Amino acid sequence: MILAAALIFCSGAYAQQAKNVIVLIGDGTGLTQLYSAYEANNNFLNIYTMPHTALSVTKCYERRVTDSGAGGTAIACGQKTYYRAIGVDKDSLAIPSMLEIFKSQGKKTGIIVSCDLNHATPGSFIAHVKDRDMYEEIAEFYLTDNCDIFLGGGKKRFDSRKDGRNLINEIKSHGYEIVYNKQQLLNTKTDKIAGFFAENHLPLYKERGDIMQTALKTTIDKFKDNKEGFFIMLEGSQIDMEAHSNHFPEMIDEALDFDACVGIALDFARKDKNTLVVITADHETGGLTLPVAGVDMDTCKWTTTGHTAAPIIIYAEGPGSENFHGVIQNNKQFDIIMDAANRRKK
Ligand SMILES: [Zn+2]
C-alpha cells in the first residue's frame, strides 16, 4: 500500500494549489491560427501537448465582436466590459486585476509583450482607464510598483511624453534596473526590471529573434525562488497584427514564437508541479479558414481584416487546470485561475 501511494505521488499528481501562474495570451489567436502553425511546424505544437481545454465565448458587454481592451479586461479582471475599456467595468469604475491581487498576496509579478507595454492587453493587467488609446496614462500605472518585471515596447510613451515627464527616470528611482536589449536583460542582477525594447511595438520575429523566449526564461528564473510564488502574463501580441494584415507566413512565425514561449513555461511547470499554465486568447482575428490541405499563401483564406466572434480555445495544465472544460464566458477564466491559486485559503 505504501508503494502504491508513493507511485501515485510520483506519477505527476499535482499539488492542490497553484503557487505560480503563467498566463500566455495569443492576441487574435483562434483555432485555425494555431492549427496552421502546427502544420507549418511538422505537426507539433507545445500547446497541443496540454491536457485540458475549454472554449471561450469572447463577446464583450455590448458587442458581439470584442476588441483587446474589453477582451483583456475580461481575462485580467473577471468582468465583461465595454469595447475599448482597460481595467474598468461597464460603468468605467476600476476593477482589480489578477496581477494586482497576486502582488498583494506576496507573489512576484511580470508582464512580457511583443507590443507597446501600454497597449490594450498588458494595459488590462496593470492599468485602469476608460479608453485603450490613453497610452501615456496607462504608462503611469507602471509607477505603482505592482509589476516587478515588465518587458516589451512602447518606450516613447515613457520618455517622449506630452507632459514632459520622463517616466523611465521615475521608474529607475523606484529601484528598477532599466534595460534596452536582450544582452542587458541577461546581465541584470536584481528581480525588479523594466525593459524597453522598442519605441513602439517590437519588430517582427524574423528581426527581433528569440527575445520573447529569453525574456520569459529570465523572468521565471528570477522569480522561481520567491516564497509566495509568481504570476507572469506573456502576450504574443503580433499574431493579431499579422492576422489584421492577412499576412499568413508572418502570422505563423509569430504563433511559433509564442508556442516556443509556451514550451519554456511548460518545461518549468512540469518540473515544478506547483504551476498553473493557461494559454488563452482575447478573440480571433482575420476569420481565418483552411479550405485546402497544405500551408502556403494560397491555401488559407482570410475572411476579414478585423476581429471575429468565433470562440477561442483555452489550453491549461497544472493545479486547477482540470476546471477548464466545456464552453465558458471569457471572464470565467479569471475565476478559475484565482480559485486555483487560492484553494488553500478557502
Ligand atoms: Zn486586433
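Order of appearance sets the numbers: ligands from 1, and atoms from 1 within every ligand. Since the structure is predicted, the reported quantities are computational estimates derived from the model, not experimental observations. We number each residue from 1, following the sequence as shown.
- The main-chain N or O of Gly318 is found under 3.5 Å from a side-chain atom of Ser321 such that the two form a donor-acceptor pair.
- The Zn ion (ligand 1) lies at 2.8 Å or more from every N, O or S atom belonging to Asp67.
- A cation-pi arrangement is present between Lys192 and Tyr176, with the terminal nitrogen or guanidinium carbon under 6.0 Å from the aromatic centre and inside a 45° cone about the axis.
- Between Arg157 and Asn200, the closest side-chain pair of non-hydrogen atoms falls below 4.5 Å.
- Considering the Zn ion (ligand 1) as centre, the angle to NE2 of His307 and to NE2 of His244 is 90° (10° rounding).
- The Zn ion (ligand 1) has no N, O or S atom of His283 inside 2.8 Å of it.
- Here Asp89 pairs with nothing under the salt bridge (charged side-chain N to carboxylate O under 4.0 Å, His left out) rule; sequence neighbours left out.
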